[in-house]
Number of protein chains: 2
Amino acid sequence: MDLTRKKRTRLYEDVVEQIRRLIVEGTLAPGDQLLPERQLAEKLGVSRSAVREALTSLVSLGLLEITPGSGAYVKEIKIDQLIDPLASIMLKEINDVFDILEARQVLETGSARLAAQRAERTDLYELHEFLRDMENDVNEGRDTDESDSQFHFSVVRASHNTVLINLMTVLMGLMKEYYGPSRKRLVENRPYREMWALQHTEIYEAIKSGDPEQATDAVAKHLDTTIKEFRRLQGTDE
Amino acid sequence: MDLTRKKRTRLYEDVVEQIRRLIVEGTLAPGDQLLPERQLAEKLGVSRSAVREALTSLVSLGLLEITPGSGAYVKEIKIDQLIDPLASIMLKEINDVFDILEARQVLETGSARLAAQRAERTDLYELHEFLRDMENDVNEGRDTDESDSQFHFSVVRASHNTVLINLMTVLMGLMKEYYGPSRKRLVENRPYREMWALQHTEIYEAIKSGDPEQATDAVAKHLDTTIKEFRRLQGTDE
DNA sequence: TGGTCTAAACTGGTCTGGCCAATTTCTATA
DNA sequence: TATAGAAATTGGCCAGACCAGTTTAGACCA
């Protein structure tokens with residue numbers, strides 16, 4: 001009848017907590033090396049297996065990075081580490097693949113509008129780089145997957161809004177997880193790849209000319225055709 | 001000089017990935033029990049310690065829950081659990097409080113546009129409820145914090161896009177974390193609360209009438225005034 | 001027959017000790 | 001002095017064992 005302690009605390013959790021505190025409090029800075037597992041075990045008075053489980057947990061939490069033969073190092077936390085769990089949560093709720101594309105449309109049109117107002121020389125340069133990358137990919141028959149994502153990401157980055165950038169990171173992770181396969185078939189369709197490259201150019205020009213409305217429309221149009229093409233591909237399945 | 005494989009894959013990571021896929025793909029539903037560690041080890045042809053590290057990792061990722069003496073169970077996870085870590089990561093990168101509001105503007109205007117096209121009777125009813133809640137709060141001098149958030153959330157829900165809804169959840173968590181204090185002063189300002197209630201009505205009417213453009217504009221205007229008022233309040237600080 | 005209590009089986013938690021492979025450090029040699 | 005090779009260190013993985021709870025099944029009683 002002891003309601004105070006709901007579940008027995010596991011040993012490795014204590015270890016996790018101790019190390020976590022050191023990191024959060026700054027005693028252990030990113031890049032610092034932890035004591036070797038064997039020494040940690042001795043120092044904390046637990047077995048190496050307990051220490052190992054703790055370290056495994058901390059790696060999963062994104063706080064550590066372990067190099068075999070070398071040691072465990074404190075890691076700099078980035079948003080990417082949260083995307084996997086985030087994706088697995090959202091994926092279960094998503095009924096329709098197009099929800100992701102639609103969300104992208106919302107996010108990217110808004111970002112493009114801001115980008116048109118704020119893009120700096122370096123942003124435009126980056127956009128142009130990825131634009132050229134994609135054209136090259138198309139011309140040489142390569143996969144445009146990477147250059148396409150990069151371009152879209154650049155648009156959002158050009159908005160200079162860190163929150164939007166992070167949300168876009170989430171969406172990108174979601175996309176990879178969700179429709180990697182169907183995407184393949186889409187990008188293999190040559191006419192569409194060419195149309196895409198063209199539409200990317202339109203987006204780029206709109207942002208460069210600083211016209212928010214035009215930029216918004218260009219992105220909306222681009223994703224509209226993407227969604228339509230996805231629908232068509234899906235239609236041929238059934 | 002082998003650039004293809006940056007780091008050797010650890011055994012337990014494979015196990016993590018296998019189990020994760022089963023969960024994400026739905027083969028393992030929340031509440032399901034996994035095989036005992038010893039059986040898993042045998043089945044996968046690895047040692048029990050490898051399995052244990054994999055399970056430890058999955059627990060840290062929030063996908064499993066383990067009860068000593070009983071077994072490992074697939075956990076039902078909600079997005080809320082990830083908001084805290086997500087917020088702590090994003091907060092470090094956010095330079096400007098207004099990035100959050102701006103992101104909300106992007107997300108909510110897009111959602112409102114969709115809501116105008118898709119809102120069903122139940123959605124409109126819900127919106128109307130929260131509208132009335134807020135009016136009551138204003139009239140009786142109560143805090144409008146809750147009813148305000150609820151209304152905005154309802155707009156996004158009426159878009160019937162689960163991805164947008166989840167992103168909005170993230171933003172809401174971020175808001176709470178970031179500007180709880182300044183927000184208080186804002187909602188204490190009576191004239192603004194009244195204007196807000198009025199603008200909410202406009203949003204509601206626009207969605208009800210099924211006019212996407214009008215809905216978009218109404219939300220944009222509403223958040224514009226919010227942002228301006230925030231700026232004004234911040235200006236008085238310094 | 002139906003319910004209860006107990007003992008065995010099972011399950012996760014932890015430990016010990018060992019071997020391997022990669023990395024780092026040290027050392028002897030050119 | 002520079003470098004190649006040996007030795008020590010470190011994490012990855014394994015086998016087997018014991019403990020402390022939980023679950024299960026069977027014996028026993030009403």
Problem set entry | Closest nucleotide among C/dT23, D/dC14, D/dG12 to the A/P68 side chain | D/dG12
Separation of [X] atom [atom1] from [N] atom [atom2], in whole Å?
X: B/E65; N: C/dG12; atom1: CD; atom2: P; result: 14 Å
X: A/E53; N: D/dC13; atom1: CD; atom2: P; result: 14 Å
X: B/L44; N: D/dC14; atom1: CG; atom2: P; result: 11 Å

Exercise. With no hydrogens and no angle check, do the side chains of A/T162 and B/D99 hold a donor and an acceptor under 3.5 Å apart?
Worked result: yes
For this session: Confirm from the modelled atom types if A/R38 and D/dG11 form a donor-acceptor pair under 3.5 Å, side chain to base only.
Result: yes
For this session: Taking all non-hydrogen atoms of both residues into account, name the closest pair between A/Y12 and A/A50 and its distance.
Result: CB-O, 3.4 Å
Problem set entry | Salt-bridge criterion met for B/R21 and B/E17 (N-O under 4.0 Å) | yes
For this session: Answer yes or no: is there an ion pair linking A/E135 with A/R132, defined by an N-O contact shorter than 4.0 Å?
Result: no
Exercise. Within the pair A/R52 and D/dG12, is there a side-chain N or O less than 4.0 Å away from OP1 or OP2?
Worked result: yes
Pairwise N/O distances under 3.5 Å, protein to nucleotides 3-7 of chain D:
none

Exercise. For A/E126, what residues pass the salt bridge (Lys or Arg N to Asp or Glu O under 4.0 Å) criterion, not counting sequence neighbours?
Worked result: A/R157
Exercise. When we call it a touch if two heavy atoms are under 4.0 Å apart, what does B/S70 touch: a base, just sugar-phosphate, or nothing?
Worked result: sugar-phosphate
Seminar exercise, completed: By nearest-nucleotide position on DNA chain C, the 5'-leaning member of A/T67 and A/R48 is A/R48
For this session: Output every pair passing salt bridge (Lys or Arg N to Asp or Glu O under 4.0 Å) with a member in residues 109-119 of chain A, not counting sequence neighbours, ordered by first then second residue.
Result: A/R113-A/E213, A/R118-B/E102
